[in-house]
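See structure below.
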Amino acid sequence: MQIQIYTDGSCHTQQKVGGWAAIIFLGNEKLELKGFEKDTTHNAMEMLAVLKALDFLEKKYDSNNAFTKIEIVSDSQYVVRIL
């Protein structure tokens, strides 16, 4: 099973309030995840979007549903270089 995850995160630098989102394409299914955090940064929100998506998949699907490929798409160089 192949999965595509599109992620993004942002933060208001003065108020230090940020948001993150992830869209997961799993076969014909489209799942949307989102959230916000206080006292945060742009990079933290970018990374949190990826982590929340992977955590969601781990909790939703047991080990019998092996994924053959997980593709993560991000506009964040911070995330892309870490992955």
CD-CD distance between E71 and Q4, expressed to the nearest 0.5 angstrom: 4.5 Å
D75/E46 under side-chain contact (heavy atoms from CB on, under 4.5 Å): CA gap, chis, key distance, verdict: CA-CA 9 Å; D75 64 350; E46 294 280 6; 3.6 Å; yes
With a 3.5 Å distance limit and no angle check, can you tell me whether H42 reaches the backbone of C11 through a side-chain donor-acceptor pair? yes
Interatomic spacing from CG in L26 to NZ in K60 - rounded to 0.5 Å: 7.5 Å
Is it the case that one hydrophobic cluster holds both L51 and L57, taking links as side-chain heavy atoms less than 4.5 Å apart, direct or via other members? yes
How long is the span from the CE atom in M45 to the OG1 atom in T40, to the nearest 0.5 Å? 3.0 Å
Are L48 and I82 connected into the same hydrophobic cluster when the rule is that any two of I, L, V, M, F, W, Y join if their side-chain heavy atoms are below 4.5 Å apart? yes
If I take atom OG from residue S76 and atom CE from residue M47, how far apart are they, to the nearest 0.5 angstrom? 7.0 Å
Salt bridge flag under 4.0 Å for residues K34 and E32: no
With side chains defined as the heavy atoms from C-beta onward, is the minimum distance between I70 and I5 less than 4.5 Å? yes
Under a single-linkage definition using a 4.5 Å side-chain heavy-atom cutoff for Ile, Leu, Val, Met, Phe, Trp and Tyr, are W20 and V17 assigned to the same hydrophobic cluster? no
Tightest non-hydrogen contact, residues A53 and A22, listed as CB-CB, 3.9 Å
Quick one: do R81 and V79 satisfy side-chain contact (heavy atoms from CB on, under 4.5 Å)? Show the steps, please. CA-CA 6 Å; R81 290 181 181 175; V79 169; over 6 Å; no
Hydrophobic cluster membership, I23 vs I72, 4.5 Å side-chain cutoff: no
With the 4.5 Å side-chain cut-off for hydrophobic clustering, are F25 and L54 part of the same group? no
